[in-house]
2 protein chains.
Amino acid sequence: MTPSSALPDETVHDAPSARQQAVLDAVLALLVEEGDQLTMDAVARRASCSKETLYKWFGDRDGLLTATVRWQASRVHAGRDAGSALDAATLRDRLLDFAVTWLDVIAGRTSVVLNRIAIAHAGSRKSNLGGIVLANGRLAIGGRVKPVLEAGRAAGFLTFEDSETAFRTFLGLVGRDIQIRLLLGDALDLDAAEIRRDAARAVDQFLALYGQARP
Amino acid sequence: MTPSSALPDETVHDAPSARQQAVLDAVLALLVEEGDQLTMDAVARRASCSKETLYKWFGDRDGLLTATVRWQASRVHAGRDAGSALDAATLRDRLLDFAVTWLDVIAGRTSVVLNRIAIAHAGSRKSNLGGIVLANGRLAIGGRVKPVLEAGRAAGFLTFEDSETAFRTFLGLVGRDIQIRLLLGDALDLDAAEIRRDAARAVDQFLALYGQARP
DNA sequence: GGAGCCGCGTACCGTACGGTACGGTACTGG
DNA sequence: CCAGTACCGTACCGTACGGTACGCGGCTCC
């Protein structure tokens with residue numbers, strides 16, 4: 001199927017092979033352990049492969065970074081958003097689930113490091129890692145939350161005009177200043193219990209703002 | 001007063017001289033115009049000074065960056081928080097004022113660039129620019145907002161237990177995902193009108209959550 | 001078993017950039 | 001008029017790192 005060996009240019013456009021995934025995992029590990037001064041030499045050493053192979057597979061340093069971000073993004077997308085029977089309690093549960101998941105992600109070491117890379121990159125233009133991170137983070141979860149909000153509105157549990165605005169308020173209530181503080185190096189380690197509490201508070205506040213007053 | 005000329009080490013610990021301020025402004029300009037690939041050569045050229053002087057004044061590249069962040073921070077702290085006659089309307093005005101100011105700052109090109117630098121630095125440890133930015137951004141505004149919130153509570157207009165939590169909710173409602181999106185390179189340019197609208201919405205929501213129901 | 005390819009290890013190249021050295025000029029104090 | 005100081009401009013050094021070249025072992029396919 002894949003035109004693998006015919007072309008000289010076989011940089012990774014499609015899904016990475018198992019060996020390539022191992023390389024990308026090495027990059028992630030290196031990124032998490034060391035700060036972000038990731039060198040190609042270090043990657044090659046860590047992944048036990050040659051730099052030449054690295055360049056053959058990923059083109060250049062940017063390509064490697066891009067592939068890494070994509071690879072990480074591909075493992076996060078595991079959301080169960082089946083079901084459509086929506087009562088007030090399940091609506092709340094769904095929102096709570098999103099909030100917990102979101103906080104788990106942004107508080108994770110990997111997310112912090114990858115966001116740092118993408119942000120640093122956004123400064124020196126070229127190859128928008130920022131766009132990729134944005135698309136796979138905020139936008140992806142937005143695409144899954146907004147339908148739930150709209151279903152909630154259709155069922156009469158929520159009131160709002162613009163689902164995007166409502167969603168962004170939700171994000172604000174959940175994330176608050178956590179992400180920027182982590183990115184700036186604030187210690188601030190959230191354990192699972194605190195995340196659950198934060199998420200619950202955010203959902204309560206969101207419902208207080210957008211929910212119908214219980215008659 | 002200042003032991004200026006006696007010591008060979010006269011790196012900038014206190015307030016920068018006029019000439020030094022000009023250099024720091026050059027750094028800021030360069031940072032805003034070019035991406036963050038700020039070189040010492042470029043700074044020297046732009047500021048019409050020699051690299052040697054740069055190193056004499058600021059120690060090394062990190063010192064220059066730190067001084068720049070401090071310098072920028074020193075101009076933002078111009079908040080009028082006098083007055084204490086607090087009725088419901090002035091409370092709302094004060095919060096609105098904070099919200100607008102905050103959005104203005106974080107949406108500004110300078111803030112974005114400086115945060116990018118600090119975040120990139122937070123990755124490769126050494127010299128916590130992140131801490132400085134945090135202290136002069138979030139913490140500084142927190143120190144000014146929380147007394148207002150507490151005064152509002154004392155006057156019976158607000159209800160909350162922890163002012164820090166209330167403040168962070170306020171920040172979340174105001175900032176939402178704006179800062180992270182800008183840092184990641186999202187276009188998203190807010191004009192003054194939109195900022196005012198956003199701020200007003202956030203304040204309304206905050207008062208809806210924490211304000212006493214008007215009897 | 002040989003031809004050919006893949007990929008590891010390593011040595012190598014070019015360059016950009018942080019940091020230093022040095023000569024030249026203007027100003028100040030004696 | 002002569003030190004001394006401050007600072008500009010520029011040339012220079014060292015090194016880290018992105019990217020390339022090459023030799024060698026192990027695999028598959030005839």
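Chain letters run A, B, ... following the sequence lines, proteins first and then strands; every chain starts at 1. In this text the structure is predicted, and so the values were computed from the model without any measurement.
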Give the rounded distance in Å between these two atoms: [atom1] of [X] and [atom2] of [N].
X       : N      : atom1 : atom2 : answer
B/Gln37 : D/dC17 : CD    : P     : 18 Å
B/Leu54 : D/dA6  : CG    : P     : 17 Å
B/Arg61 : C/dG19 : CZ    : P     : 8 Å
A/Leu65 : D/dC17 : CG    : P     : 15 Å
B/Met40 : D/dC8  : CE    : P     : 13 Å
A/Asp41 : C/dT10 : CG    : C1'   : 10 Å
A/Arg46 : C/dC8  : CZ    : P     : 16 Å
B/Trp57 : C/dT20 : CH2   : P     : 17 Å

CA sep, side-chain torsions, deciding dist, call: B/Val145, B/Arg94, side-chain contact (heavy atoms from CB on, under 4.5 Å): CA-CA 9 Å; B/Val145 170; B/Arg94 297 284 281 279; over 6 Å; no

Which one, [options], comes nearest to the side chain of [X]?
X       : options                : answer
B/Asp60 : D/dG18, C/dC22, C/dG19 : C/dG19
A/Lys51 : D/dG9, D/dT20, C/dG19  : D/dT20
A/Lys56 : D/dG18, C/dG9, C/dG7   : C/dG7
B/Thr39 : D/dC7, C/dC17, D/dG18  : C/dC17
B/Tyr55 : C/dG18, D/dG18, C/dC8  : C/dG18

Under 3.5 Å side-chain donor-acceptor pair for A/Ser124 and B/Gln37: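 No.
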
A/Asn115 versus A/Ser111, side-chain donor and acceptor atoms under 3.5 Å: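 Yes, a side-chain donor-acceptor pair sits under 3.5 Å.
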
Sugar-phosphate, base or nothing in reach of A/Leu64, heavy atoms under 4.0 Å: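 No contact at all - A/Leu64 keeps every heavy atom at 4.0 Å or more from the nucleic acid.
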
Under 4.0 angstrom between B/Thr53 side-chain N/O and D/dC8 OP1 or OP2: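 Answer yes for this pair, as a side-chain N or O of B/Thr53 is under 4.0 Å from OP1 or OP2.
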
Side-chain N or O of B/Arg19 closer than 4.0 Å to phosphate OP1/OP2 of D/dC8: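 So the side chain of B/Arg19 is within the cut-off, an N or O lying under 4.0 Å from OP1 or OP2 of D/dC8.
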
Base D/dC7 to side chain B/Glu52, donor-acceptor N/O within 3.5 Å cut-off: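 Flag unset: no donor-acceptor pair detected.
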
Residues, nucleotides or ligands: over 12 heavy atoms within 6.0 Å of B/Glu161 CD: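 Not more than 12 within 6.0 Å, no.
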
A/Asn128 side chain to A/Gly130 backbone, donor-acceptor under 3.5 Å: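 Side chain of A/Asn128 to backbone of A/Gly130, a donor-acceptor pair under 3.5 Å: no, none is there.
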
